[in-house]
Amino acid sequence: MAVTPEIQQQFMYLFERVGDPLYFGPRGAVGNLISYNLPPELCPETQHASTIRKQSFANLQMREIRVDRPTTLPNLSGIGTACPKSAIYNYFNPNHRRATQELRQIMLQQPDLRGLLSMACVCRDSEMINPKVWITAFASCLLTRPDTRGFRMPAIWEVMPDMFFSSFCLKESIRQGSVPQQDRAVVVIEGSFTGRNNNVENRLAYFREDLGINAHHWHWHLIYTLDAPRGQRDRKGELFFMMHREMLARYEAERLANNLTLTKPLKLDEGVIKEGYFPKLTDSNSGQLWGNRQQNSKLSDVNRLDDSNLPQGFRVITLEMMRRFRGRILEAIDSGMVITPTGRVPLTIDMLGDIIESSSLNPNPQYYGDLHNMGHVIISATHDPEFKHSENLGVMSDTSTAMRDVVFYRWHKYIDDIFDRFKQNLNPYNPTGGEFPLAWEGIQVESAQLQTKGVQPNVFSTFRMRSNVDLSRGMDFLRIQNNLGPVFVRVVHLNHDPYTFTISVRNNTNAPRTGTVRIFMAPRLNEHNEQFPMVQQRRLFFQLDKFTTQLSPGVNGITRRSSESSVTIPWEQTFRDLERSVQTPAANEQTFCGCGWPEHMVIPRGTATGQLYDVVVFITDGNEDRVEQPATSQPARSNNCRDAVSYCGVLDQRYPDRKPMGYPFDRNPYTTVNSNNPNGPQIPVPNLETYVSRVPNMRALQVRVVYNQERVEMRNDGVPTGMREVNGDPYMNSAGRTACSPQGNPPRPAPGSTPTGGGTRPSTMEMTPARPSPPREPIQSGSSPVPNRVPPPTTQNPRPGWSRQYQHQHRGEQRGHSPSPSPIGWTHIPSPERPSSPNWGWGWRG
Ligand code: CUO
């Protein structure tokens with residue numbers, strides 16, 4: 001049974017402004033304000049503040065939600081010690097995860113929803129509970145409890161924006177939140193705010209820092225948490241392998257489109273991490289900064305004996321220890337046997353995932369250690385391995401932030417190489433015979449075509465899109481009656497036009513059949529414009545879709561739209577979306593509950609001239625793929641939630657595909673006669689065409705991804721398009737963004753007048769001309785001189801494109817108030833002589 005609208009609202013608003021106690025003002029939107037009425041004895045020390053707040057909102061219409069006193073008040077001090085309220089929460093810190101698990105258990109033990117509401121409220125505002133611990137524990141509890149199935153989690157970037165947006169952007173948002181709603185501007189960030197394009201890795205900032213990608217990774221680890229007991233998540237270790245491999249493959253496709261080399265694994269013997277990363281994130285709860293990493297930082301042992309945030313076992317981590325764990329894992333792979341406390345058992349891919357990660361299901365953690373998790377910690381401590389500077393760990397230490405850092409992909413490539421050694425030891429899948437043969441007798445894929453609306457067949461089209469995020473739901477603004485309401489940040493991200501696959505399948509078996517259609521994509525050409533050999537390309541395939549279909553005898557036409565993909569979820573539901581949905585639910589509304597690859601990031605960016613990719617359509621016997629679900633499991637759709645089952649499985653059910661995950665590209669390609677040496681040993685099939693030629697139920701098509709850099713769409717999310725804009729990026733100095741005046745917000749234009757900038761002019765990105773492809777560059781950073789960030793050199797008109805009036809203001813500001821060359825505080829007036837921003841590719845900041 002899906003949760004009722006009433007329950008959805010009661011629990012959803014607890015995620016609003018989590019750092020702000022519940023008695024501090026209303027939640028929800030103007031016109032539908034909610035206040036939680038807590039028993040006074042639960043917050044005695046704040047009664048005075050509460051009274052003042054109540055007076056501030058005395059005239060507002062609010063619906064009260066009564067919260068009972070829990071029957072027993074839990075002792076939360078152990079949780080508070082494991083992860084203090086003032087700490088930056090790190091998923092890869094076992095203490096912090098323990099705190100989450102304990103709190104989750106307390107909430108799971110509540111016998112009914114009223115009890116859960118009371119306990120969630122009490123814990124939320126407790127001095128012992130870190131807000132991120134509460135968010136993680138409560139979200140996990142709502143996903144798991146039978147009586148809250150179908151609860152729709154608001155987009156996590158609105159719940160904890162400090163994990164996604166720079167402190168500069170948040171500060172500007174707070175400023176906007178402090179003025180009356182009608183005078184607010186939308187805070188615009190162009191992406192790439194963590195670096196500049198003379199660091200070649202910055203070309204991919206739009207991928208690494210994408211909201212949806214990071215939200216997906218957070219959500220996946222929330223569901224497949226390290227501490228899940230045995231039996232709770234089917235094939236968890238194997239999915240850890242496959243999901244991370246596919247994320248990596250997706251990243252590689254993006255690298256090649258940006259003229260970058262494939263990812264090099266981060267080896268423990270490497271000595272230094274060449275790539276630096278400066279996240280520019282601040283933990284809003286504590287005001288503490290995330291750790292930064294200089295380029296060429298030494299990868300060294302961690303010896304943080306005084307870091308009380310870390311458990312004893314994680315305060316000292318040596319590279320030697322990790323090499324030892326890796327050696328033992330390789331030994332298990334090569335022998336095919338795992339040493340457990342009770343004897344040796346055969347190694348499976350699922351067990352290998354449990355060992356490498358390592359999760360609570362690791363059969364011998366003492367012997368095989370904690371390789372992957374310790375890697376996250378050791379990498380995130382490179383800036384202060386001995387805790388000499390009391391520095392927090394870097395973003396690699398948490399699942400909501402790790403994918404921002406380029407080293408994430410290098411570390412996971414290292415991990416993936418270990419998994420691949422296991423796969424290379426297995427026999428390849430052959431067209432016929434052996435384990436999981438590729439060919440399906442009597443079934444033939446006759447044709448497959450991709451169609452994107454408005455373009456020729458077999459072309460994906462990509463572009464950028466602006467979407468709005470309401471930060472008022474996640475930040476602790478000072479709230480008084482006339483400044484309630486949204487504070488919008490406008491982000492820009494990759495997107496693609498919807499597409500459809502049309503597949504023709506001949507069933508020659510004279511009987512109806514059930515097929516599993518698997519659609520994959522991979523780059524076709526390597527860095528040198530040569531076709532990838534099959535042994536290499538197989539690891540670059542990522543799924544676009546997987547679904548079941550019925551095949552009647554004869555020819556069957558299958559049409560599948562991109563929006564139906566079982567890999568992706570649409571743009572996450574904001575608080576506003578959920579409010580709309582609760583108040584006026586649309587007929588046949590599809591509800592997504594948060595786990596899945598973001599739909600807007602499923603297709604790589606491509607290039608202006610069209611980047612070449614291979615798409616593979618492969619149909620396997622659905623009866624063989626089908627998995628019997630245990631009688632006790634809940635029906636898959638009973639909770640009204642549609643998640644991306646390929647990456648996220650189905651809650652409380654077995655993974656719905658019996659084939660090895662990643663099949664058929666998880667193993668080396670089958671072998672064939674070596675034409676140069678016909679009597680010698682066979683060799684792996686050389687390329688995709690040869691691979692497909694012996695599998696009638698598989699078809700490959702070459703597609704191009706054409707990126708239109710000029711095109712920037714605005715998401716139709718109900719946010720007024722004419723809102724004035726201000727910078728959310730201190731270095732965004734060449735994009736011609738309208739900023740607020742140095743004295744504060746300029747007056748709103750009178751109705752009917754022409755506003756200066758903002759919504760009435762085209763986006764500056766639309767004015768940015770296409771750039772030639774940059775030269776290929778090796779993975780490196782920092783060797784080139786750093787161009788000046790400040791605006792163009794002074795000429796007769798020192799800042800083309802910026803009005804003289806505001807230049808004067810700016811110079812005055814520089815002399816009198818601020819030495820900063822930041823353009824914040826300037827108003828842009830479009831000028832025909834303004835030069836284009838010197839950028840290329842995705843990066844549009846010079
Ligand atoms: Cu998801 Cu390393 O497991 O980040």
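Residues: numbered from 1 along the sequence shown. First listed ligand is number 1; within each ligand, the first listed atom is number 1.
- Between Y91 and H217, a ring centre-to-centre spacing not shorter than 6.0 Å is recorded.
- You'll find the ring centres of H244 and W411 outside the 6.0 Å limit.
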(message) Could you walk me through whether Y251 and V406 satisfy the side chain to side chain contact (heavy atoms under 4.5 Å, CB included) test, starting with their C-alpha distance in whole Å, then the side-chain angles of each, then the deciding distance to 0.1 Å, before giving a yes or no?
(response) CA-CA 10 Å; Y251 177 68; V406 62; 3.6 Å; yes
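- Per-residue contacts place H372 under 4.0 angstrom from the following atoms of ligand 1 (heavy atoms of the residue considered): 2 (Cu), 3 (O), 4 (O).
- When non-hydrogen atoms are compared, ligand 1 lies under 4.0 Å from neither the backbone nor the side chain of Y224.
- Sorting the N, O or S atoms of H217 by how far they are from atom 1 (Cu) of ligand 1 puts NE2 first.
- Look at F408 and you'll find a heavy atom under 4.0 Å from some atom of ligand 1.
- Of all atoms in ligand 1, numbered sequentially from 1 with element shown, those under 4.0 Å from a heavy atom of H412 are 2 (Cu), 3 (O), 4 (O).
- You'll find the side chain of T100 reaches within 4.5 Å of the side chain of Y89, heavy atoms only.
- By the criterion of a heavy-atom distance under 4.0 Å, neither the backbone nor the side chain of E357 is placed next to ligand 1.
- Among the atoms of H244, no N, O or S atom is found under 2.8 Å from atom 2 (Cu) of ligand 1.
- The shortest separation from a heavy atom of W220 to ligand 1 is not under 4.0 Å, leaving the residue out of contact.
- Taking the centre and axis of the six-membered ring of Y663, the NZ or CZ atom of R518 falls outside the cone set by 45° and 6.0 Å.
- Residue contact check: F240 has heavy atoms under 4.0 Å from atoms 3 (O) of ligand 1.
- Residues R326 and Y414 have side chains that bring a donor and an acceptor to within less than 3.5 angstrom of each other.
- Minimum-distance N/O/S atom of H221 relative to atom 1 (Cu) of ligand 1: NE2.
- The ring of F15 has its center closer than 6.0 angstrom to the ring center of W134.
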